[in-house]
2 protein chains.
Amino acid sequence: MQTVTCDMDRCFLCRNCIPEWKQLIGLQKNTLNIRKGRPLFREGEKVEGLFFLYSGTVKVHILWTDEKEMILRFARPGDIVGYRGLGGDVYPVSATALEDSVVCFVSAEFFEATLRTNPSLTYTLMHLYAGELQKTERRLRDLVHKEVKSRVAAALLEISDLFGLDKDRYISVTLTRQDIASYAGTRYETVFKFFAELERGKVISTEGKRIRINKPERLRVLVG
Amino acid sequence: MQTVTCDMDRCFLCRNCIPEWKQLIGLQKNTLNIRKGRPLFREGEKVEGLFFLYSGTVKVHILWTDEKEMILRFARPGDIVGYRGLGGDVYPVSATALEDSVVCFVSAEFFEATLRTNPSLTYTLMHLYAGELQKTERRLRDLVHKEVKSRVAAALLEISDLFGLDKDRYISVTLTRQDIASYAGTRYETVFKFFAELERGKVISTEGKRIRINKPERLRVLVG
DNA sequence: CGAATTATTGAGAGCAATCAACTGATGTGG
DNA sequence: CCACATCAGTTGATTGCTCTCAATAATTCG
């Protein structure tokens, strides 16, 4: 099974990229600009295809009612969004741009056809699903056993791992407290109060790391 | 991509079975008898391979501490257990027999080799992961938004869908209240009290179905 | 038959959601 | 330029759900 490393800084399919595949994506030229706050697709809509994120940030979320949602994951440049829809007729989740984003759209038919002729891609995608499944199962456990503060703290650390820190050690992404709450499985006010505690200097230790908040919307993570 | 329907009542890989694959499994002849309560593998152990369940019931669970666990899913005859370990070095979850079970063990190396020569199998397995991911994401959402009673009720209905009902309309599996609690993400006592409510005739409506409990350990589900 | 384990039930504590009030910022019309 | 309205952000008080703990009852097992 061929697996070729490539020279891209970040490439699709978890850095296990396949040259032909990248080329095919390139040929598509279905580049779309998605405005901040706009959906890529919504839960229940007919599956059209997948989106390869070139720039921006996207949240994948699942609805409960209006006003109530759960964020399942965040996607950053190099990630694929919409693959959960494969094999089904409607998307089981929604995806919304958190910042102005550029994506490459690939139709489901084209993607399926590529899978058929490229077993290596199928294999890579299988591992992508397997990895997501493991992460989701761990979150399931944490949701049951950890209390809210720990979950918010863990969410912040996960987010800092995902997006990285800028030169001032701030998390390189702008999220609302509501987004963080939806990701940690809690309420806006609870996140707010926890942040206030952190600002007051009450340092919480989580997995050997310490978190401190500096400004609203900009989070600094200090590794202690 | 070949997908052949087969004459087995229930076959592996979600009924999308592949004849050569079944034959290979058959050639393995690594049939093992697992006693009730015994583990097939434990979280953190080195990945040896997968288990194809011929008979019995198995729970896949993830540990928090001793005494505290979360049941991720139940496996019945025809299901595969241990595939979460693929691609990693240690199992991210544990699997334990809930009844005396018969399994066919397939080593990871053998399985990986089969994947390489059988793209159709890889494709099927990919969909298996995708389906599990969707289910797990829904559970994640329910855990956040539904309250305990609803979760227990939903768990019972899921279990009845999975194992089916016998001629007396009892769920065709024996689970302890602790197992149901671990699956619904709650405590033994909470499940106990909810069951007591149901027995007292307080009928709870969930998704158009009604649940009534008759005897400890034996659950009757009445579709209303 | 007695001990040990498991089931049952009630009372209480604690945590987080909910609700509502307050604050300050921004905008709008006079 | 000010008075007022509006809205998001902030905070405290309250409620209610679920876990926890403990005490008693029942059952199993040697």
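In the text below, chain A, chain B and the rest are named by the order of the sequence lines, each starting its count at 1.
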Asks: Counting just side-chain N and O atoms, does A:R151 come under 4.0 Å of either OP1 or OP2 of C:dA16?
Replies: no

Asks: Starting at CD of B:E147 and ending at P of C:dT18, how long is that distance when rounded to a whole Å?
Replies: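 Taking CD of B:E147 and P of C:dT18, I get 11 Å after rounding.
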
Asks: If every non-hydrogen atom of A:S55 is compared with every non-hydrogen atom of A:P77, which pair is closest and at what distance?
Replies: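 For A:S55 versus A:P77, the nearest heavy atoms are CA-CG, 3.8 Å.
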
Asks: Tell me whether the guanidinium CZ or amine NZ of B:R177 lies under 6.0 angstrom from the six-membered ring centre of B:F194 and within 45° of its axis.
Replies: no

Asks: Specify whether B:F111 and B:F52 have parallel, tilted or perpendicular ring planes, treating 30° as the upper limit for parallel and 60° as the lower limit for perpendicular.
Replies: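 Correct class here is tilted.
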
Asks: Could I get the full list of salt bridge (Lys or Arg N to Asp or Glu O under 4.0 Å) partners for A:R151, not counting sequence neighbours?
Replies: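 Result, salt bridge (Lys or Arg N to Asp or Glu O under 4.0 Å) vs A:R151: none returned.
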
Asks: Below the 4.0 Å mark, does C:dT6 have OP1 or OP2 next to a side-chain nitrogen or oxygen of B:Y188?
Replies: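 So the side-chain polar atoms of B:Y188 never come under 4.0 Å of the phosphate oxygens OP1 or OP2 of C:dT6.
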
Asks: Are B:Y129 and B:Y83 near enough that their ring centres are under 6.0 Å apart?
Replies: yes

Asks: Can you work out whether A:T190 or B:F192 has the more 5'-proximal nearest nucleotide on DNA chain C?
Replies: B:F192

Asks: Check side-chain contact (heavy atoms from CB on, under 4.5 Å) between B:V144 and all other residues, then give those that pass, not counting sequence neighbours.
Replies: A:M70, A:L143

Asks: I want to check one thing: is the phosphate of C:dA16, taken as OP1 and OP2, less than 4.0 Å away from some side-chain N or O of A:T186?
Replies: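 No, no such contact exists.
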
Asks: Report the distance from atom CZ of B:F194 to atom P of D:dC19, rounded to the nearest whole Å.
Replies: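 Between P of D:dC19 and CZ of B:F194: 13 Å.
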
Asks: When the distance from CZ of B:R177 to C1' of C:dT9 is rounded to whole Å, what number comes out?
Replies: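 Checked: the CZ to C1' distance equals 13 Å.
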
Asks: Respond yes when some side-chain nitrogen or oxygen of A:R187 is under 4.0 Å from OP1 or OP2 of C:dT18, and no when none is.
Replies: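 A:R187 to C:dT18 OP1/OP2: side-chain N or O found under 4.0 Å.
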
Asks: Does anything in residues 51-65 of chain B pair up under salt bridge (charged side-chain N to carboxylate O under 4.0 Å, His left out), and if so which pairs, sequence neighbours excluded?
Replies: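 Checked against salt bridge (charged side-chain N to carboxylate O under 4.0 Å, His left out) - neighbours excluded - the pairs reaching residues 51-65 of chain B are B:K59-B:E69, B:K59-B:D179.
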
Asks: Distance-only criterion, 3.5 Å: show the donor-acceptor pairs between side-chain atoms of residues 85-104 of chain B and protein atoms not counting sequence neighbours.
Replies:
unit_1 : atom_1 : unit_2 : atom_2 : d
B:Y91  : OH     : B:E48  : N      : 3.3
B:Y91  : OH     : B:G49  : N      : 3.2
B:Y91  : OH     : B:G49  : O      : 2.7
B:S94  : OG     : B:E43  : N      : 2.9
B:T96  : OG1    : B:H61  : NE2    : 2.6
B:E99  : OE1    : B:T57  : OG1    : 3.2
B:E99  : OE2    : B:T57  : OG1    : 3.2
B:D100 : OD1    : B:K36  : N      : 2.7
B:S101 : OG     : B:T57  : N      : 3.3
B:S101 : OG     : B:E99  : O      : 2.8

Asks: Compare the minimum distances between each of C:dA17, C:dA7, D:dT18 and the side chain of A:V148, then state the nucleotide with the smallest one.
Replies: C:dA17

Asks: What is the per-nucleotide protein-contact pattern of nucleotides 23-30 of chain D, from the 5' end, where B denotes a base atom under 4.0 Å from a protein heavy atom, S denotes such proximity for sugar-phosphate atoms only, and - denotes neither?
Replies: --------

Asks: Could you go through nucleotides 10-13 of chain C and list every protein N or O atom that sits under 3.5 Å from one of its N or O atoms, giving the distance for each pair?
Replies:
unit_1 : atom_1 : unit_2 : atom_2 : d
C:dG10 : O6     : B:K193 : NZ     : 3.3

Asks: B:F195 has an atom CZ; how far is it from atom P of C:dT9, in whole Å?
Replies: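 So the two atoms are 14 Å apart, to the nearest Å.
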
Asks: Rounded to the nearest angstrom, tell me the gap between atom NZ in A:K149 and atom P in C:dA16.
Replies: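 In whole Å, C:dA16 P and A:K149 NZ are 8 Å from each other.
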
Asks: Whole Å only: how far is the NE2 atom of B:H145 from the P atom of D:dC17?
Replies: 18 Å

Asks: Between the side chains of B:Q178 and B:S182, does any donor sit under 3.5 Å from an acceptor?
Replies: yes

Asks: Grab the CD-P distance between B:Q178 and C:dT5 for me, whole Å please.
Replies: 17 Å

